[in-house]
Q: 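Following this message is one structure expressed as C-alpha cells.
Lettering of chains follows the sequences in order, A, B, ..., and the numbering in each one begins at 1.
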Amino acid sequence: DQQVKQNSPSLSVQEGRISILNCDYTNSMFDYFLWYKKYPAEGPTFLISISSIKDKNEDGRFTVFLNKSAKHLSLHIVPSQPGDSAVYFCAATRSSGNTPLVFGKGTRLSVIA
Amino acid sequence: GAVVSQHPSWVICKSGTSVKIECRSLDFQATTMFWYRQFPKQSLMLMATSNEGSKATYEQGVEKDKFLINHASLTLSTLTVTSAHPEDSSFYICSARPNYEAFFGQGTRLTVV
C-alpha cells in the first residue's frame, strides 16, 4: 500500500504561470514532509520542507502548503521557469529518530516557454 | 547543505560478477545511511538501512545475501551487488539525514550485461 501518493504523473505549465504539484499521504505518523527535484541519472535535490506544526512554508518561488486534516500537501512554483522542468518527488518521514524518507512516484513538470 | 558523495556514478558489469558502490558523508558523520533503488519511471524504493557498526536492516523482498551492506565507519557505507544479473540493472542512490532534511548521493547507474 502506497503511503505517499502523487496522482499526477505529469504536468505541463506555461512559463510565468503557477505550477501546482499535489501529494497525499496515508500514514498519520508522518510529521515532516519534503519536496525534491530530480533529473535523470542524478540524485534528488532538496527543494523545500515543512513540519506538521506549520501549514505553509515559503522559499523564494517555492511554497509548500500542508493540510493535515486532509493528509494533503502541495508545492507551488511561481512564476514557473523552463529550468524548473524536472521530476518532482514528494517525501514524508518522521522527524524523530533517523528514519528513511518514503517517496511518492513523482510528477514530471514541463514548463513551456 | 550537507554533502553526500556516491561512487561510481555509472558502472557496466558482466552477469555473475560483483559490483561495489560507495557512499560517503563528506562534512558530517552518519551513523545511519539509506540505500534506495529506482527503476525507470518509478519512485525511489528503500532497499535497506545501513547502521554503523551493526547489521543493516533490509526491506521486505530485498535479498540481504545479494545486496551486501557494510557501514564500517561514520562516513562510509558500501553496497555490494553480488552475482549481478541483468534484472539488477537499476539506479542506486544512497542518502543520509544529518538533520531533518535528507541528502542524497549522485546515484549509480548499474547496467549488467
Q: Is chain B contacted by the side chain of T93(A), its backbone, both, or neither, given a heavy-atom distance below 4.5 Å?
A: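 For T93(A), side-chain heavy atoms alone lie under 4.5 Å from chain B.
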Q: So do the side chains of L101(A) and S95(B) get within less than 4.5 Å of each other, counting heavy atoms only?
A: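 Heavy-atom side-chain distance check fails, nothing below 4.5 Å.
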Q: Under the ring pair (Phe, Tyr, Trp, His ring centres under 6.0 Å) rule, what do F89(A) and F104(B) come out as? Steps first, then yes or no, please.
A: CA-CA 13 Å; F89(A) 286 95; F104(B) 290 82; 9.5 Å; no
Q: Which value, rounded to the nearest 0.5 Å, describes the distance between K5(A) atom NZ and S43(B) atom OG?
A: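 These two atoms lie 13.5 Å from each other.
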Q: Linking I/L/V/M/F/W/Y whenever their side-chain heavy atoms sit closer than 4.5 Å, directly or via other members, would V19(B) and V62(B) fall into one cluster?
A: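 Looking at the clustering, V62(B) is in the same group as V19(B).
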Q: Assigning hydrophobic clusters by single linkage (Ile, Leu, Val, Met, Phe, Trp, Tyr; side-chain heavy-atom cutoff under 4.5 Å), is I50(A) placed with L75(A)?
A: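 Per the 4.5 Å side-chain linkage, I50(A) and L75(A) are co-clustered.
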Q: Same cluster for M47(B) and L110(B) if Ile/Leu/Val/Met/Phe/Trp/Tyr side chains link at under 4.5 Å?
A: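 Yes, M47(B) connects to L110(B) through the hydrophobic network.
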Q: Shorter than 4.5 Å, heavy atoms on both sides: which option in T49(B), N99(B), L44(B), T108(B) has the most such pairs with chain A?
A: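 Winner by heavy-atom pair count: L44(B).
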Q: Please check if atom NZ in K64(B) has more than 12 non-hydrogen atoms from other residues, nucleotides or ligands closer than 6.0 Å.
A: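 Check fails, neighbour count at 12 or below.
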Q: For the interface with chain B, which of P44(A), A91(A), S49(A), G104(A) has the highest count of heavy-atom pairs at distances below 4.5 Å?
A: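 The option with the most such pairs is P44(A).
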Q: Around atom CZ of R17(A), are there more than 12 heavy atoms from other residues, nucleotides or ligands closer than 6.0 Å?
A: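 Count not over threshold, so no.
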Q: Hey, any chance V111(A) and L21(A) share a hydrophobic cluster, counting ILVMFWY side chains that come within less than 4.5 Å of each other, even indirectly?
A: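 Both belong to a single hydrophobic cluster.
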Q: When heavy-atom pairs shorter than 4.5 Å are enumerated against chain B, which of P9(A), G106(A), P100(A) gives the highest number?
A: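 With the most close heavy-atom pairs to chain B, the winner is P100(A).
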Q: To the nearest 0.5 Å, what is the distance between CD (E42(A)) and CD (Q106(B))?
A: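 Those atoms lie 9.0 Å apart.
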Q: In Å, rounded to the nearest 0.5 Å, how long is the span from CG of L47(A) to CD of E101(B)?
A: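 Nearest 0.5 Å value for the CG-CD distance: 11.5 Å.
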Q: Examine whether an atom of Q38(B) lies under 4.5 Å from a heavy atom of chain A, and if so say whether it belongs to the side chain, the backbone or both; otherwise answer neither.
A: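 Contact with chain A is through the side chain of Q38(B) alone.
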Q: Group every Ile, Leu, Val, Met, Phe, Trp and Tyr by side-chain heavy-atom contacts under 4.5 Å, then state whether V64(A) and L66(A) land in the same group.
A: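 Yes, because V64(A) and L66(A) connect within a single hydrophobic cluster, where side-chain heavy atoms sit under 4.5 Å apart.
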Q: Given that the side chain runs from C-beta out, which part of T31(B) has a heavy atom under 4.5 Å from chain A: side chain, backbone, both or neither?
A: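 When you check distances to chain A, only side chain atoms of T31(B) fall under 4.5 Å.
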Q: Inspect the surroundings of NE2 in H7(B) and state if more than 12 heavy atoms from other residues, nucleotides or ligands are less than 6.0 Å away.
A: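 12 or below, so no.
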Q: Please give me the minimum heavy-atom distance between L34(A) and A102(B), naming the atom from each residue.
A: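 Reported closest heavy-atom pair: CD2-N, 4.2 Å.
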Q: Stepwise, does the side chain to side chain contact (heavy atoms under 4.5 Å, CB included) test hold for L46(B) with F103(A)?
A: CA-CA 9 Å; L46(B) 180 68; F103(A) 286 88; over 6 Å; no
